[in-house]
Amino acid sequence: MIINTQLDGVALVVGVSSGRGIGQQAAFSLAEAGAKVVVFADMNEETAEQSAEESKKYASNKDYTATTFTVNVTDAQDVQEMVDFVVNTFGRLDYCVNGAGIDNGILTPFSETDIDNFERIMNINTKGMMLCVRAQCAAMRKQTPRQVQGRNGMRDIGRGAIVNIASANSFAGLPGKMSYTVSKHAVMGLTKMAGLDHAPEGIRCNAVCPSWVRTPLLDVEMQSNPQVAAQISAIVPIKRAAESDEVSDTIAFLVSPAASYINGTSIVIDAAVTTTVRLF
């Protein structure tokens with residue numbers, strides 16, 4: 001085991017709907033990696049509480065605490081109160097994962113875009129992400145930086161690390177998903193700018209960009225429409241969707257001291273889907 005992949009601080013995970021969603025699984029991976037505290041923040045209080053309770057099965061820190069916060073990410077005051085709650089209750093904020101977001105819904109050609117739907121997606125996926133990262137950076141910059149012991153001496157790991165859950169659609173389009181694709185391109189822009197602006201203060205901000213990820217929703221879709229499974233098999237080089245913990249374990253790595261020199265960038269988790277055009 002690489003010792004610096006271990007965690008021991010306070011984590012905030014935003015968007016933790018139950019049922020193998022990436023946000024929920026990210027919280028589980030952080031607990032498994034040793035986080036002392038994980039705050040489960042979501043619009044749905046019930047699912048947040050269910051996920052917080054389940055996380056205790058995976059926690060490796062003997063002093064582990066899981067708690068919840070109900071938040072609407074499109075409301076700046078709500079978001080600020082969420083961050084204030086974490087800092088005031090636990091003393092600092094070491095790791096943040098931002099995963100609140102919605103999909104495109106019905107596939108629609110660009111020229112037929114529903115403006116209300118576009119605004120809703122941008123409001124949650126982009127503005128909501130911006131509000132979270134903004135408040136998290138503002139809190140982290142006030143903290144004392146931390147250090148870890150590496151093989152070559154002590155290493156500065158800064159004041160905190162943020163990971164935004166973006167998408168392979170942050171780099172490539174998919175027919176009929178303009179609104180979602182634009183919102184996820186914007187997430188990469190704000191990830192880069194947060195990482196750039198706050199790097200001198202010891203704050204890192206990165207993104208994970210998965211393609212198809214197995215969730216209960218995708219499982220149902222594949223069962224009801226065999227063409228979906230066939231498309232994934234045809235397009236994905238390793239012939240399957242990602243398991244949600246394949247994404248969440250990458251998130252845990254990105255906030256860990258092992259990734260202390262990775263900033264303002266992304267890891268595309270798509271088994272090489274976006275590497276080239278695949279026809280079979």
Side-chain angles (χ1 to χ4, degrees), residues 2 4-7 9-16 21-30 32-35 38 41 73 83 92-101 125-126 128-141 143 145-146 148 155-172 183-211 213 242 244-271 273-274:
I2 299 175
N4 281 329
T5 58
Q6 294 275 283
L7 307 177
V10 178
L12 168 64
V13 183
V14 184
V16 289
I22 297 174
Q24 181 210 54
Q25 294 295 308
F28 292 172
S29 288
L30 298 183
E32 197 170 46
V38 178
V73 296
V83 172
R92 61 182 294 127
L93 178 56
D94 297 294
Y95 326 115
C96 294
V97 179
N98 297 306
N125 293 9
T126 304
M129 186 79 74
M130 181 275 292
L131 291 174
C132 287
V133 174
R134 174 177 173 268
Q136 292 157 3
C137 286
M140 287 177 171
R141 69 195 305 197
Q143 300 178 157
R146 301 178 70 189
V148 296
R155 184 165 83 238
D156 183 4
I157 59 170
R159 290 179 166 89
I162 300 169
V163 175
N164 298 324
I165 299 176
S167 168
N169 282 80
S170 296
F171 299 97
S183 75
K184 291 301 184 178
H185 272 64
V187 167
M188 276 312 308
L190 68 87
T191 298
K192 292 175 181 179
M193 290 309 303
L196 177 63
D197 283 351
H198 295 288
E201 297 166 321
I203 300 168
R204 298 186 297 109
C205 186
N206 293 294
V208 291
C209 300
S211 56
V213 180
S244 53
D245 54 359
E246 290 179 301
V247 180
S248 65
D249 287 352
T250 304
I251 292 170
F253 162 74
L254 280 174
V255 300
S256 76
S260 57
Y261 209 71
I262 301 175
N263 182 42
T265 189
S266 64
I267 294 183
V268 180
I269 307 171
D270 72 345
V273 168
T274 54

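These values consider heavy atoms only, across backbone and side chains, with no hydrogens, waters or symmetry-generated copies. Since the model is a prediction, treat every value here as computed from it, not as a measurement.
- Using a distance-only test at 3.5 Å, with no hydrogens or angles considered, no donor-acceptor pair links the side chain of D270 to the main chain of P210.
- Contact of the V14 side chain with the Q136 side chain is registered, since non-hydrogen atoms from C-beta on lie closer than 4.5 Å.
- Between V163 and C205, the closest side-chain pair of non-hydrogen atoms is not below 4.5 Å.
- Shown are L12, I251, L254; of these, the side chain to side chain contact (heavy atoms under 4.5 Å, CB included) with V97 is made only by I251.
- Evaluation of the salt bridge (Lys or Arg N to Asp or Glu O under 4.0 Å) rule for R134 yields no partner, not counting sequence neighbours.
- Not a single donor-acceptor pair under 3.5 Å links the side chain of R141 to the backbone N or O of I203.
- A 4.5 Å side-chain heavy-atom check between Q25 and V247 finds every atom pair outside the cut-off.
- Note that CZ of F253 is 10.5 Å distant from CG of N4, once rounded to the nearest 0.5 Å.
- For A186, the side chain to side chain contact (heavy atoms under 4.5 Å, CB included) test picks out T126, with sequence neighbours left out.
- Within the 3.5 Å criterion, the main-chain N or O of G9 finds no donor-acceptor partner in the side chain of R92.
- Counting only heavy atoms from C-beta outward, the side chains of C137 and I162 approach each other to under 4.5 Å.
- Legend: residues meeting side chain to side chain contact (heavy atoms under 4.5 Å, CB included) with T265, ordered by chain and number and at least two apart, are N206, I262.
- To the nearest 0.5 Å, atoms CD1 (I22) and OG1 (T250) are separated by 10.5 Å.
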Below 3.5 Å, can you tabulate the donor-acceptor pairs from side chains in residues 188-200 to any protein atom, sequence neighbours excluded?
residue : atom : partner : partner atom : Å
T191    : OG1  : N164    : ND2          : 2.9
T191    : OG1  : V187    : O            : 2.8
H198    : ND1  : E201    : OE1          : 2.6

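- Looking only at distances, a side-chain donor or acceptor of R204 sits under 3.5 Å from a matching main-chain atom of A259.
- Evaluation of the salt bridge (Lys or Arg N to Asp or Glu O under 4.0 Å) rule for R159 yields no partner, not counting sequence neighbours.
- Remark: Y95 OH to L30 CG distance equals 8.5 Å, nearest 0.5 Å.
- Formation of a donor-acceptor pair under 3.5 Å by the D94 side chain with backbone atoms of A11 is not found in this model.
- Going from atom OG of S170 over to atom CD1 of I165 covers 11.5 Å, rounded to the nearest 0.5 Å.
- For F28, the ring pair (Phe, Tyr, Trp, His ring centres under 6.0 Å) criterion is met by Y58, not counting sequence neighbours.
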